[in-house]
Amino acid sequence: MVLSASDVIPARTHEQTFPNWLKRSNAVPRRSLLRTARATSPLIDANRLDYYHQLERERIHLLLIDDAAKGLDDVAAGKVKDARSVIQSIKRRRSE
């Protein structure tokens with residue numbers, strides 16, 4: 001999420017105007033609260049938060065599909081090992 005200078009409200013200004021500002025926040029894309037010049041709490045609309053969560057789930061699904069494709073390519077290229085032999089090898093290294 002990219003923030004611009006217009007998205008930032010200093011904490012001192014915000015303390016007095018929070019109730020009115022919160023009522024108007026649906027009309028504003030997003031804002032961040034500041035405490036000592038550091039963003040502490042981004043405020044976003046609940047619908048936008050749901051949208052961000054949906055995008056994250058879709059990104060995870062795409063990464064899983066990509067990993068599965070790489071795995072299938074490895075199998076097709078013969079880059080496979082027997083699971084039992086790999087586990088035994090790991091156990092031997094741990095016991096050394």
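For reference, positions follow the sequence shown, starting with 1.
- In this structure, CG in L64 is found 10.0 Å from CZ in R59, a value given to the nearest 0.5 Å.
- The structure places NE2 of H61 at 8.0 Å from CD1 of I65, a figure rounded to the nearest 0.5 Å.
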Which atom pairs, one a donor and one an acceptor, fall under 3.5 Å between side chains of residues 89-96 and the rest of the protein, sequence neighbours left out?
unit_1, atom_1, unit_2, atom_2, d
S89, OG, R93, NH2, 3.4
S95, OG, K91, O, 3.4
S95, OG, R92, O, 2.9

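- A salt bridge between K70 and D74 is absent, with no side-chain N of the basic residue lying under 4.0 Å from a carboxylate O of the acidic one.
- Residues L55 and L49 are members of one and the same hydrophobic cluster, defined by side-chain heavy-atom contacts under 4.5 angstrom among Ile, Leu, Val, Met, Phe, Trp and Tyr.
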